[in-house]
Number of protein chains: 2
Amino acid sequence: MIQSVERAIHILEAIAHAGGAAHLNEIAGITELRSTTAHNILKTLQSLGYVRRRGGDTRYHLGDRIQNLARVAGDDDRLRRDLRALLEAMAEESGETVFLAVPSGDEVYFLDAIESRETLKAGSQSGERLPMAGSAIGLLFLAHIPRIRQRMLETHADRISLNLELEIEAIAQRGYALDQENWLPGLSCVAVPYAEAGEVRAGFGLAGPSFRLPLGRLEMLAGLMGDILDDRVPI
Amino acid sequence: MIQSVERAIHILEAIAHAGGAAHLNEIAGITELRSTTAHNILKTLQSLGYVRRRGGDTRYHLGDRIQNLARVAGDDDRLRRDLRALLEAMAEESGETVFLAVPSGDEVYFLDAIESRETLKAGSQSGERLPMAGSAIGLLFLAHIPRIRQRMLETHADRISLNLELEIEAIAQRGYALDQENWLPGLSCVAVPYAEAGEVRAGFGLAGPSFRLPLGRLEMLAGLMGDILDDRVPI
DNA sequence: CATTATTATTCAATAATTTTGAATTTTGCA
DNA sequence: TGCAAAATTCAAAATTATTGAATAATAATG
């Protein structure tokens with residue numbers, strides 16, 4: 001357990017607890033550190049952009065860099081809680097297996113799922129991970145999240161086929177992703193994006209046997225899922 | 001400059017750069033640390049909740065705690081950039097002085113402003129700070145952001161008048177805040193909230209001489225500002 | 001299924017960093 | 001303008017974190 005790292009984190013949390021800004025002595029008081037020690041750590045955090053001071057205010061504020069981490073970190077538990085009701089609505093209204101997934105590294109991570117009550121159904125895969133390019137929901141992330149697509153280009157530039165590029169382009173155009181037996185014979189899928197603050201954070205997917213899911217119905221279901229998402233009332 | 005704090009931050013950024021998850025050796029490679037050193041720091045961050053590993057995956061992921069910091073940190077520069085166009089639209093359509101503010105600690109911090117072209121106008125106060133309870137926009141934050149209200153109750157419980165409580169309640173009900181010469185004789189204001197991810201992050205304010213801003217016009221302007229905000233097209 | 005290779009973790013000694021406390025400077029306020 | 005409070009700097013001391021090697025766990029391979 002590294003002491004100064006622990007202390008630095010406590011300092012950040014002390015500032016957060018004070019509402020986002022606090023004086024050196026206030027911080028030293030809360031964290032029970034000498035003011036010099038707190039000062040050293042704060043200067044380090046400041047030079048890294050995790051703490052700043054704005055014009056004419058001697059208080060230390062939390063810095064912008066934290067936002068960069070947060071954007072990538074996601075917060076899966078909150079998403080699962082917040083979106084559970086929507087997932088249930090989708091399961092109810094479609095009758096098929098539905099699931100919720102988020103991007104995690106260069107993979108898709110399945111947060112939650114509800115299985116269809118039909119005899120022939122797609123299995124749920126909650127807790128599993130799939131490569132980005134190997135699922136409708138992964139293609140959705142590639143199409144809608146620039147940072148993910150860029151990372152894909154950097155690391156797997158060789159493995160990106162023209163076909164894949166066109167597919168991603170098509171998804172970006174129409175908003176949702178379709179998979180008609182590309183991934184598994186007999187299985188069809190739809191995936192729609194969930195966005196917060198103008199950025200796609202997660203995706204809802206639906207999968208089932210192809211004979212129940214002709215193209216027309218897949219498109220209808222994409223619309224249905226979109227409508228359920230739009231029913232969320234903002235402030 | 002404290003070395004281990006710097007290293008801990010670099011490790012967090014390395015994980016973020018890797019898309020939110022990375023193996024120990026990968027992290028050690030990027031940060032140019034011995035794997036033991038990286039391991040020690042990661043264990044510290046893990047015990048603090050800033051890094052975690054999820055079931056059966058030996059990679060280190062960014063942890064939920066980062067989200068707690070981010071919620072308080074805000075990111076003013078991005079907000080100013082993103083919302084500048086809206087501020088301009090409000091200035092244009094209302095003809096009065098308008099401004100953008102965010103909560104900062106237990107104060108209101110003015111991020112941006114556009115002054116009216118009228119001869120008699122409210123001054124802009126970009127860069128200034130005002131106490132929460134001393135401005136329409138501060139009351140707006142008190143009404144809409146539970147964490148801010150709670151902090152107010154904890155620290156200034158004695159100074160909260162029944163009047164203030166009722167006013168906050170009224171703002172929470174109708175959505176926007178009004179100030180008719182409460183703060184300064186002859187000056188009237190409106191303030192409307194700006195929300196992201198279901199949480200109020202900033203507020204737009206408008207101020208001008210009371211003779212140009214009777215109650216009816218203030219209410220109309222609140223509606224106008226709300227409409228400009230709603231015109232932002234989500235995905 | 002056994003074997004190999006990779007990756008993660010533990011440990012004690014050493015080297016180095018960080019903490020200390022006092023002194024100085026800056027800032028805020030009457 | 002002068003006082004008080006807060007922030008910052010500095011060199012010595014002491015604890016802390018780093019090292020590197022060795023072990024354990026995990027994944028990959030034939």
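So you know, we letter chains A, B, ... as the sequences are listed, proteins then strands, and number each from 1. Basis for what follows: all heavy atoms, side chains included, without hydrogens, waters or symmetry-related copies.
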With respect to the phosphate group of dT9(C), does any side-chain polar atom (N or O) of Tyr60(B) fall under 4.0 Å of OP1 or OP2?
yes
Check whether any side-chain N or O of Arg53(B) sits under 4.0 Å from OP1 or OP2 of dT7(C), and answer yes or no.
no
side-chain hydrogen bond (donor to acceptor under 3.5 Å, both in side chains) against His23(A), all qualifying residues, sequence neighbours excluded:
Thr58(A)
Treat primed atoms plus P, OP1 and OP2 as sugar-phosphate and everything else as base, then score nucleotides 24-30 of chain C 5' to 3': B for base contact with protein heavy atoms under 4.0 Å, S for sugar-phosphate contact only, - for none.
----S--
Side-chain donor/acceptor of Arg201(B) to backbone N/O of Tyr194(B), under 3.5 Å
no
Output a table of donor-acceptor pairs, distance under 3.5 Å, between side-chain atoms of residues 132-141 of chain A and any protein atom two or more places apart or on a different chain; print 'none' if there are none.
from: Ser135(A); atom 1: OG; to: Gly138(A); atom 2: N; distance (Å): 3.2

Side-chain (Arg80(B)) to main-chain (Leu111(B)) donor-acceptor, under 3.5 angstrom:
yes
Euclidean distance, atom CD of residue Gln46(B) to atom C1' of dA8(C) [Å, nearest integer]
12 Å
Could you list the residues that satisfy side-chain hydrogen bond (donor to acceptor under 3.5 Å, both in side chains) with Thr36(B), not counting sequence neighbours?
none
For Glu32(B), enumerate each residue passing the side-chain hydrogen bond (donor to acceptor under 3.5 Å, both in side chains) test, keeping only those at least two apart in sequence or located in another chain.
none
Distance-only donor-acceptor hits, side chain of residues 40-47 of chain A, under 3.5 Å, sequence neighbours excluded:
from: Lys43(A); atom 1: NZ; to: Gln46(A); atom 2: OE1; distance (Å): 2.9
from: Thr44(A); atom 1: OG1; to: Asn40(A); atom 2: O; distance (Å): 3.0
from: Thr44(A); atom 1: OG1; to: Ile2(B); atom 2: N; distance (Å): 2.8
from: Ser47(A); atom 1: OG; to: Thr44(A); atom 2: O; distance (Å): 3.0

Here the salt bridge (Lys or Arg N to Asp or Glu O under 4.0 Å) pairs for residues 4-21 of chain A, sequence neighbours left out, are Glu13(A)-Arg65(B)
Filtered N/O pairs between nucleotides 10-19 of chain D and protein, under 3.5 Å:
from: dA17(D); atom 1: OP1; to: Gln3(A); atom 2: N; distance (Å): 2.3
from: dA17(D); atom 1: OP1; to: Ser4(A); atom 2: N; distance (Å): 3.3
from: dT18(D); atom 1: OP1; to: Arg7(B); atom 2: NH1; distance (Å): 3.1
from: dT19(D); atom 1: OP2; to: Thr37(B); atom 2: OG1; distance (Å): 3.0
from: dT19(D); atom 1: O5'; to: Arg34(B); atom 2: NH1; distance (Å): 3.2

In this structure, how many angstroms lie between the P atom of dA7(D) and the NE2 atom of His39(A), rounded?
9 Å
Test salt bridge (charged side-chain N to carboxylate O under 4.0 Å, His left out) applied to Glu181(B) - qualifying residues, sequence neighbours left out
none
Does anything in residues 16-29 of chain A reach DNA chain D, meaning a heavy atom under 4.0 Å, and if so which residues?
His23(A), Leu24(A), Asn25(A)
Just grab all the salt bridge (Lys or Arg N to Asp or Glu O under 4.0 Å) pairs involving residues 135-150 of chain A, residues at least two apart or on different chains.
Arg147(A)-Glu199(A)
Using atom NZ of Lys43(A) as one end and atom P of dA7(D) as the other, report the distance to the nearest whole Å.
11 Å
Please name all residues satisfying side-chain hydrogen bond (donor to acceptor under 3.5 Å, both in side chains) with Glu88(B), sequence neighbours left out, ordered by chain then number.
Arg84(B)
